[in-house]
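Here is the structure we will look at, set down as structure tokens.
For the single chain, residues carry numbers from 1 onward in sequence order.
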Amino acid sequence: MSHISIHNIGPIKDINIELNRINIFMGPQSSGKSTIAKIISFCQWLEKDCVVRQSTDHITNSFIYDNFIIYHNISSYIEDSSEFHYKGAALNIDFSKEKTNISKAAKFSSTPISKNAYIPSERNIAFIPRISSLDLTRNYLRSFLFDWLGIRTKFTKDDEIGIVDMGVKYYYNEAQKKDKLVIESNDCETEIDMEQASSGLMSITPLYAYLTYLTSWIYSHNEDRSYETDQKIKDGLRRRLAEKEINIPESVFDTYIRTHESQPITFDAKTESDNNPTSVIIQKLQAEFWRPKYSSIIIEEPEQNLFPDTQARLLYHIFAMINQNRDNLLITTHSPFILYALNNCMLAWNKSGAKENCNNLEFSYESFINPHNVAVWELRNGYIEDVNGKRNVTIQDESGLIRDNYFDRVMSNIMSDFYSLMGNK
């Protein structure tokens, strides 16, 4: 897995950790959870961008400034001493205020293509009336909004999706250009515009639809791609050709690409019967670059505006939705209910026979999660620490379960006041 160290960026003073397939960063507000998430998101995006291009030549200091510091709105967090170091499957990234060094990792050329998503806590921005008509600054919120405007069109009335198990379904009405909710109550359905929904539904709906898209839709559909992305793929193929990784004469390759220059090319199984072997090879290569092999998903505060019981059920659904042998997941949270639900899923995995007894649980077997694939990190005062003050370690025991942590301590303090007051009665 990837390794990340961060020094003096925003609230983060110094951390140095090995990331797992599923990472949970917990702590109070302004503790640096989002700072870590944004840095990891940038590194994952940059890896994909370079692998698709098959090059790092385009990376300059201005490129880093625009796509990291400005894009993630962290210019005030960067000091003279700020730096981070990332070691991933495709790239090694050494960032400082003055200069960023990028080097290819050993598996650069063979790194599979991912689908990356950063789902911010401000996701209900998607339902602000006429938000798409505003001239927004190019940053992560604008990117999320524009992604959402495309994603929602996948879920028409014929493909509406249920939101967790809340008795609510979502679809996009293309004719009206409106997001719709269908609310089931007393054996009848009421349809409302999303703009009339509660803040909780405005938060959970884009999150749940986005996750459905990332964990299911993209693996069963051919996705349209932009001209810019298609050009990146073609440039990457040309570089592989130049490095003799593609066994096609260069003149034949260039002729084929020119012929298809005005349209994206997707590989279809029926192409196997094509009489043109060059067509088959090139289309397979383009499909390799374009169709993602896994999703890297970052979610800020899934608990946003949700009732505690809904928070837990949402997490159960998230674990059931992702492919735990394929996808990567990072969550930031300050909710104890998210952590309690996570612990239940890990404990269920550890319990022999739990699959047979899952009818007694509030979640299904698909939500059981291997604790060895999970890292739970607690942020305190700019560091990652466990309850004993040991740094850069998880707050899990040898079985992978969460034990004494920030929320236990806060609850203990609150209850001690309660018991003191009861004793003084």
Are side-chain N/O atoms of [X] and [Y] paired as donor and acceptor at under 3.5 Å?
| X | Y | answer |
| --- | --- | --- |
| Asn116 | Ser114 | yes |
| Glu83 | His7 | no |
| Tyr65 | Ser75 | no |
| Arg152 | Asn173 | no |
| Ser81 | Asn8 | yes |
| Glu47 | Tyr86 | yes |
| Glu300 | Thr332 | no |
| Tyr171 | Glu191 | yes |
| His85 | Asn16 | no |
| Lys180 | Gln176 | yes |
| Tyr316 | Asn344 | yes |
| Thr156 | Glu174 | no |

Mind listing the closest non-hydrogen atom pair of [X] and [Y] along with its distance?
| X | Y | answer |
| --- | --- | --- |
| Thr333 | Glu303 | OG1-OE1, 3.0 Å |
| Gln396 | Val376 | OE1-N, 2.8 Å |
| Ser203 | Asn124 | N-CB, 4.4 Å |
| Ile15 | Gly382 | CG2-O, 4.2 Å |
| Leu141 | Glu122 | CD2-OE1, 3.6 Å |
| Met202 | Glu195 | CE-O, 3.5 Å |

If only atom types and distance count, is the side chain of [X] paired as donor or acceptor with the main-chain N or O of [Y] below 3.5 Å?
| X | Y | answer |
| --- | --- | --- |
| Ser41 | Ala37 | no |
| Ser55 | Asp57 | yes |
| Lys97 | Asp80 | no |
| Ser295 | Leu214 | yes |
| Asn388 | Lys390 | no |
| Thr111 | Lys107 | yes |
| Arg123 | Pro120 | yes |
| Asn20 | His372 | yes |

**Request:** Evaluate whether atom OH of Tyr219 has more than 12 neighbouring non-hydrogen atoms of other residues, nucleotides or ligands under 6.0 angstrom away.
**Result:** yes
**Prompt:** How about Gln29: does its CD atom have over 12 heavy atoms from other parts shown lying under 6.0 Å from it?
**Reply:** no
For the residue pair [X] and [Y], establish whether any side-chain heavy-atom pair is separated by less than 4.5 Å.
| X | Y | answer |
| --- | --- | --- |
| Ile74 | Thr35 | no |
| Ile36 | Ile39 | no |
| Val182 | Lys157 | yes |
| Val52 | Ile113 | yes |
| Phe127 | Leu201 | no |
| His3 | Ile17 | no |
| Arg313 | Phe363 | no |
| Ile298 | Gln44 | yes |

**Request:** State whether Tyr294 and Arg326 meet the cation-pi test: NZ (Lys) or CZ (Arg) under 6.0 Å from the six-membered ring centroid, and within 45° of the perpendicular axis.
**Result:** no
**Request:** Mark yes or no: Arg142 above the aromatic ring of Phe146, with NZ or CZ under 6.0 Å from the six-membered ring centre and no more than 45 degrees from the axis.
**Result:** yes
In Å, rounded to the nearest 0.5 Å, how long is the span from [atom1] of [X] to [atom2] of [Y]?
| X | Y | atom1 | atom2 | result |
| --- | --- | --- | --- | --- |
| Ser296 | Leu330 | OG | CG | 9.5 Å |
| Leu342 | Ser367 | CG | OG | 11.5 Å |
| Thr215 | Asp327 | OG1 | CG | 7.0 Å |
| Ile6 | Ile384 | CD1 | CD1 | 8.0 Å |
| Phe42 | Phe68 | CZ | CZ | 6.5 Å |
| Trp217 | Lys115 | CH2 | NZ | 9.0 Å |

Look at the aromatic rings of [X] and [Y] and report parallel, tilted or perpendicular, splitting at 30° and 60°.
| X | Y | answer |
| --- | --- | --- |
| Phe84 | Phe95 | parallel |
| Tyr118 | Tyr140 | perpendicular |
| Phe368 | Tyr365 | perpendicular |

**Prompt:** So Val387 and Ile395, side-chain contact (heavy atoms from CB on, under 4.5 Å) or not? Walk me through it.
**Reply:** CA-CA 7 Å; Val387 65; Ile395 58 169; over 6 Å; no
**Request:** Check step by step if side-chain contact (heavy atoms from CB on, under 4.5 Å) holds for Ile12 and Leu379.
**Result:** CA-CA 9 Å; Ile12 302 299; Leu379 282 157; 3.9 Å; yes
**Message:** Go through it in stages, so that I can follow the logic: the residues are Lys169 and Glu189, the test is salt bridge (Lys or Arg N to Asp or Glu O under 4.0 Å), and I'd like the CA-CA distance, side-chain angles, deciding distance and then a yes or no.
**Reply:** CA-CA 10 Å; Lys169 292 180 287 188; Glu189 293 184 343; 3.1 Å; yes
**Request:** Mind running side-chain contact (heavy atoms from CB on, under 4.5 Å) on Glu18 and Asn392 for me, showing each step along the way?
**Result:** CA-CA 9 Å; Glu18 195 81 20; Asn392 298 318; over 6 Å; no
**Prompt:** Among Ile24, Val374, Leu339, Asp397, which one satisfies side-chain contact (heavy atoms from CB on, under 4.5 Å) with Ile402?
**Reply:** Leu339
**Asked** Between Phe155 and Tyr172, is a side-chain contact (heavy atoms from CB on, under 4.5 Å) present by the stated rule, with each step listed?
**Response** CA-CA 6 Å; Phe155 304 108; Tyr172 177 66; 5.6 Å; no
**Prompt:** Going through the distances and angles, do Phe63 and His58 end up as a ring pair (Phe, Tyr, Trp, His ring centres under 6.0 Å)?
**Reply:** CA-CA 8 Å; Phe63 180 92; His58 60 290; 5.2 Å; yes
